[in-house]
Asks: 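Following this message is one structure expressed as structure tokens.
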Amino acid sequence: MEEDNCAYCIQMLKEPLQLEKLVGPGSQFEVEKSPFSAGDDDFKVNEMDDSENCSDVDEEELASPWTQSFEELKKLMVPINANIFKRVIREGQQDRGQVPDKARVAVRYSGYWEGESSPFDSSLMRRSKFYFETGAGCDVLEGLKAAVLTMRPYEMAEFIISYKLLFHEMGCPPRIKPRADGLFKIEVLHFTLIGDSDAFVAMSAADRDKFAVVYPKALDMHMHGKDCVKRYRYRNAVTAFERAVSSLNYCRLANDEEEHKQIDLLITLNQNLMICYNKLQHPKRVCITMKALRSLTENKPSCKALYQEGCALSALGEYESARGIFMQAQAKQPDNKEINVKITDLDKTIKKYKEETQDIWTRALSAQKYKHVKEGTKCNPSLEKLLMEFGNSEKTSVGLLRGVYMNSEIEMLSKITKELEMKLSVSPIDENLLNLSKLNLN
């Protein structure tokens, strides 16, 4: 039995830790409370919130709802089949379907033997939700699984389940009597589809290019990838999404309808891949995936994709490009707070970057000053070398602090910059700044 306190205990950090800081002065870190951010809406589900574990349970809540004969209780129930009888205590969410196969479901339950007031097993006593996966390989009691499959989220019901679906003829004496039917009180909290991680395993080589065969398996793999993301298993999610993309790209399409379905799923898969790559700090892969996405969308990517590309470019240090992408995303969703925050933060980063760049160049040039500069003398070779390096760099201009130079030095710099096809001028914004710029940008 898989309890929630061991299946969902993984916590991610918002920012990676740096080893040199850990072994040196130390480092502060912040736990990411949710794996989702702007543009991750494909994964956002309130049903995966484990914050509301059971509070303290009193004896009354654990007491059996029925201590008389099960035959009498069956008269108040509806037969599901020959082995299961059901009575609904609280209706579930009518807009949600019943718990399906290939789903991870969270329940609270208590089980009672006939005539006994205390449960022989209860998740309430452990003060936790109980998680299990429906479908093949389910490792819970057959009767418990069958009962849950008749329920909707938020529903609470009572079931009498035959011994045939519990502990069978022999039971497990002395605790479980032979041929013992059970009364179960069950509450379904939520479920999430999990897909199939082995969707492509049994597919024959002859079917690998048939869209009608591949498409439903790709959907299954996509669902499995989403489930991995919800449990912070980003690498497993990437594997699932990449396999689905590869299989869909290999298919032969019979008509326009198949092409539309292929493109729609490929767009979703690639967007989800971008989210996972960013979570795994692979920004270059995000940018590569965005190229494929632009091709699929005729260069009209969604706000979600633009947000992920902006995050990747920012991680690569391409701040101006990242800001431009975030502005495109903002145009699609002007009221998106996370996008607006990203733009504000980038503006601060760009300003700081420019100030630091200006300071570096100013320090580098001022460190090579002559203490005595005479009219007509040659420039310091080191200073000339620095100017040459600026000429060979990709930068088109750089700011210098005017106060660190004497007038004679500024005149000398002005002469050298002309020889190097550069220009030294006073900034029109601040007279205390000098602009060193290139004249020939071809």
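One is the number of the first residue; the rest follow in order along the sequence. What's counted below: heavy atoms across the whole structure, side chains too, no hydrogens, waters or symmetry copies.
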Asks: Does NZ or CZ of Arg96 fall inside the cone over Phe191's six-membered ring, less than 6.0 Å from its centre and within 45° of the axis?
Replies: yes
Asks: Shortest non-hydrogen contact from Leu273 to Val238?
Replies: CD2-O, 3.9 Å
Asks: Please enumerate all residues that pass salt bridge (Lys or Arg N to Asp or Glu O under 4.0 Å) together with Arg323, with sequence neighbours excluded.
Replies: Asp347
Asks: How many angstroms lie between CE in Met274 and CG in Asn270, if you round to the nearest 0.5 Å?
Replies: 8.5 Å
Asks: Atom NZ of residue position Lys74 - does it have more than 12 heavy atoms of other residues, nucleotides or ligands inside 6.0 Å?
Replies: yes
Asks: Donor-acceptor pair, distance only, cut-off 3.5 Å: does the side chain of Asn336 make one with the backbone of Ile339?
Replies: yes
Asks: May I ask you to decide if the ring planes of Phe120 and Phe184 are parallel, tilted or perpendicular, using 30° and 60° as cut-offs?
Replies: perpendicular
Asks: Would you confirm whether Gln94, through its side chain, and Gly92, through its main-chain N or O, come within 3.5 Å as a donor-acceptor pair?
Replies: yes
Asks: Is Asp345 salt-bridged to Lys342, going by a charged N under 4.0 Å from an acidic O?
Replies: no
Asks: Taking the side chain from Gln308 and the backbone from Asn278, do they hold a donor-acceptor pair closer than 3.5 Å?
Replies: no
Asks: Tell me the salt bridge (Lys or Arg N to Asp or Glu O under 4.0 Å) pairs involving residues 246-270, sequence neighbours left out?
Replies: Asp209-Arg252
Asks: So do the side chains of Arg104 and Glu133 get within less than 4.5 Å of each other, counting heavy atoms only?
Replies: yes
Asks: With sequence neighbours excluded, what pairs up with Ser110 under the side chain to side chain donor-acceptor pair (under 3.5 Å) test?
Replies: Ser122
Asks: Which value, rounded to the nearest 0.5 Å, describes the distance between Leu293 atom CG and Thr289 atom OG1?
Replies: 8.5 Å
Asks: Counting C-beta onward and ignoring hydrogens, is there a side-chain heavy-atom pair between Val140 and Lys145 closer than 4.5 Å?
Replies: yes
Asks: Could you tell me if the side chain of Tyr112 sits less than 4.5 Å from the side chain of Pro65, heavy atoms only?
Replies: yes
Asks: Which residues pass the salt bridge (Lys or Arg N to Asp or Glu O under 4.0 Å) test with Arg235, sequence neighbours left out?
Replies: none
Asks: Between NZ of Lys86 and CD1 of Ile186, what distance do you get to the nearest 0.5 Å?
Replies: 9.0 Å
Asks: Which heavy atom of Ala147 sits nearest to which heavy atom of Thr150, and what is that distance?
Replies: O-OG1, 2.6 Å
Asks: Please check if any side-chain donor atom of Asn249 sits under 3.5 Å from a side-chain acceptor atom of Ser246, or the reverse.
Replies: no
Asks: Quick one: are Glu114 and Leu183 in side-chain contact, heavy atoms under 4.5 Å?
Replies: no
Asks: Going by atom types only, do Tyr109 and Asp121 share a side-chain donor-acceptor pair under 3.5 Å?
Replies: yes
Asks: Scan side-chain atoms only and decide if Ser302 and Gln271 contain a donor-acceptor pair under the 3.5 Å cut-off.
Replies: yes
Asks: Salt bridge (Lys or Arg N to Asp or Glu O under 4.0 Å) with Asp220: which residues, sequence neighbours excluded?
Replies: Lys102
Asks: Quick one: are Arg152 and Gln98 in side-chain contact, heavy atoms under 4.5 Å?
Replies: yes
Asks: Which residue pairs pass the salt bridge (Lys or Arg N to Asp or Glu O under 4.0 Å) test with at least one member in residues 177-191, sequence neighbours excluded?
Replies: Arg90-Glu187, Arg108-Glu187, Glu169-Arg179
Asks: Can you sort out the partners of Tyr215 under ring-ring contact (aromatic ring centres under 6.0 Å, His included), two or more places apart, ordered by chain and number?
Replies: Phe211
Asks: Could you tell me whether the side chain of Thr134 and the main chain of Pro100 form a donor-acceptor pair under 3.5 Å?
Replies: yes
Asks: With rounding to the nearest 0.5 angstrom, report the CZ to CE distance, Phe159 to Met77.
Replies: 8.5 Å
Asks: Taking only residues two or more places apart in sequence, or in another chain, which ones meet Glu158 in a salt bridge (Lys or Arg N to Asp or Glu O under 4.0 Å)?
Replies: Arg87
Asks: Within a 6.0 Å radius of atom CD on Glu298, are there more than 12 heavy atoms belonging to other residues, nucleotides or ligands?
Replies: no
Asks: With a cut-off of 6.0 Å (strictly less than), are more than 12 heavy atoms of other residues, nucleotides or ligands near CZ of Phe200?
Replies: yes
Asks: Would you say the side chains of Thr192 and Lys230 form a donor-acceptor pair under 3.5 Å?
Replies: yes
Asks: Indicate the atoms forming the closest heavy-atom contact of Cys228 with Asn236, along with that distance.
Replies: SG-CB, 3.7 Å
Asks: Of all heavy-atom pairs between Leu346 and Ser314, which one has the smallest distance, and what is that distance?
Replies: CD2-OG, 3.8 Å
Asks: Please identify each residue that fulfils side chain to side chain donor-acceptor pair (under 3.5 Å) with Asn340, with sequence neighbours left out.
Replies: Gln330
Asks: Taking the side chain as C-beta and beyond, is there a heavy-atom pair between Phe130 and Val105 under 4.5 Å?
Replies: no
Asks: Does any part of the side chain of Ile160, heavy atoms only, come nearer than 4.5 Å to the side chain of Ile84, both counted from C-beta?
Replies: no
Asks: When you compare the side chains of Asn272 and His222, does any donor N or O come within less than 3.5 Å of an acceptor on the partner?
Replies: yes
Asks: Working to the nearest 0.5 angstrom, can you tell me the gap between Cys311 SG and Lys279 NZ?
Replies: 9.0 Å
Asks: Got a second to check how far Leu265's CG is from Leu219's CG, nearest 0.5 Å?
Replies: 5.5 Å
Asks: For Phe167, check ring-ring contact (aromatic ring centres under 6.0 Å, His included) against everything at least two apart and list the hits.
Replies: none
Asks: How about NZ on Lys164, more than 12 heavy atoms from neighbouring residues, nucleotides or ligands closer than 6.0 Å, or not?
Replies: no
Asks: Can any side-chain N or O of Asp207 pair as donor or acceptor with the backbone N or O of Lys210 at less than 3.5 Å?
Replies: no
Asks: Are Lys129 and Val107 close enough, and set up right, to give a side chain to side chain contact (heavy atoms under 4.5 Å, CB included), and what steps lead you there?
Replies: CA-CA 6 Å; Lys129 305 172 186 178; Val107 301; over 6 Å; no
Asks: Taking only residues two or more places apart in sequence or in another chain, which ones pass ring-ring contact (aromatic ring centres under 6.0 Å, His included) with Trp66?
Replies: none
Asks: Under the ring pair (Phe, Tyr, Trp, His ring centres under 6.0 Å) definition, can you give me all pairs with a residue in residues 324-349, not counting sequence neighbours?
Replies: Tyr307-Phe326
Asks: Got more than 12 heavy atoms from elsewhere within 6.0 Å of OH, Tyr250?
Replies: no
